[in-house]
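Data block below; observations after.
Basis for what follows: all heavy atoms, side chains included, without hydrogens, waters or symmetry-related copies.
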Amino acid sequence: MTAPVRADVALTDIRPVIQEIMRAVLEHDVDPAVDVFDQGATSLAFIRIVAQIGERYSIAVDVGELQEASIDQLSELVAEQLNSQEPAT
């Protein structure tokens with residue numbers, strides 16, 4: 001199990017992790033700017049992706065905030081959620 005990521009992780013650190021999660025779940029490379037549903041993802045696959053992202057970063061990913069389900073949009077959402085968390089004491 002990977003340790004939770006600190007809240008000060010940069011977007012550039014998050015994007016490759018999310019891209020790898022999507023590649024692993026969908027079993028093919030994904031264009032980071034294009035909605036994953038337009039690239040063959042099913043609703044079940046997307047649920048698996050969101051669950052793995054949530055587990056990796058110890059957050060509840062609020063996909064209702066997304067305009068589209070792309071790597072770029074998910075990365076921005078995760079970064080926002082991580083940066084809004086209170087630092088651990």
Side-chain angles (χ1 to χ4, degrees):
M1 173 96 177
T2 306
V5 176
R6 292 177 20 162
D8 60 353
V9 173
L11 180 61
T12 55
D13 295 326
I14 296 169
R15 186 174 284 124
V17 173
I18 292 178
Q19 189 160 12
E20 178 55 30
I21 289 170
M22 285 197 182
R23 190 207 57 74
V25 171
L26 299 177
E27 299 179 343
H28 62 80
D29 289 330
V30 179
D31 183 331
V34 178
D35 191 300
V36 294
F37 292 107
D38 293 336
Q39 300 183 76
T42 63
S43 296
L44 182 57
F46 189 66
I47 289 169
R48 290 177 55 213
I49 290 165
V50 169
Q52 288 184 29
I53 292 169
E55 183 177 301
R56 170 67 175 92
Y57 291 103
S58 300
I59 59 173
V61 181
D62 184 1
V63 294
E65 298 288 322
L66 293 173
Q67 297 297 317
E68 63 180 25
S70 67
I71 291 170
D72 290 344
Q73 291 268 325
L74 274 167
S75 299
E76 290 173 19
L77 178 63
V78 170
E80 287 173 15
Q81 287 187 258
L82 289 172
N83 290 328
S84 69
Q85 290 181 344
E86 293 294 321
T89 55

Q | Beyond-backbone contact of Val30 with Gln19, side-chain heavy atoms, under 4.5 angstrom | A | no
Q | Atom of Val36, atom of Phe46 and distance for their closest heavy-atom approach | A | CG2-CD1, 4.0 Å
Q.
Less than 4.5 Å apart, side chain to side chain, heavy atoms only: is that true for Ile14 and Tyr57?
A. yes
Q. Got a second to check how far Glu76's CD is from Ser70's OG, nearest 0.5 Å?
A. 7.5 Å
Q.
Just verifying a value: how many Å separate Ile47 CD1 and Gln52 CD, rounded to the nearest 0.5 Å?
A. 12.5 Å
(Q) With rounding to the nearest 0.5 angstrom, report the CD1 to CD1 distance, Ile53 to Ile59. (A) 8.0 Å
Q: Mind listing the closest non-hydrogen atom pair of Phe37 and Ala69 along with its distance?
A: CE1-CB, 3.8 Å
**Q.** CD-CE distance between Glu27 and Met22, expressed to the nearest 0.5 angstrom
**A.** 15.0 Å
Q | For Gln81 against Asp62, the heavy-atom pair lying closest together | A | OE1-N, 3.5 Å
**Q.** Name of the residue among Ile71, Leu77, Asp72 meeting side chain to side chain contact (heavy atoms under 4.5 Å, CB included) with Ile18
**A.** Ile71
Q.
Quick one, Asp35 and Gln73 - any side-chain contact, counting heavy atoms below 4.5 Å?
A. no
**Q.** Donor-acceptor contact present, side-chain Gln39 to main-chain Asp31, <3.5 Å
**A.** yes
Q. Can you name the nearest heavy-atom pair linking Ile49 to Ile21, along with the distance?
A. O-CG2, 4.0 Å
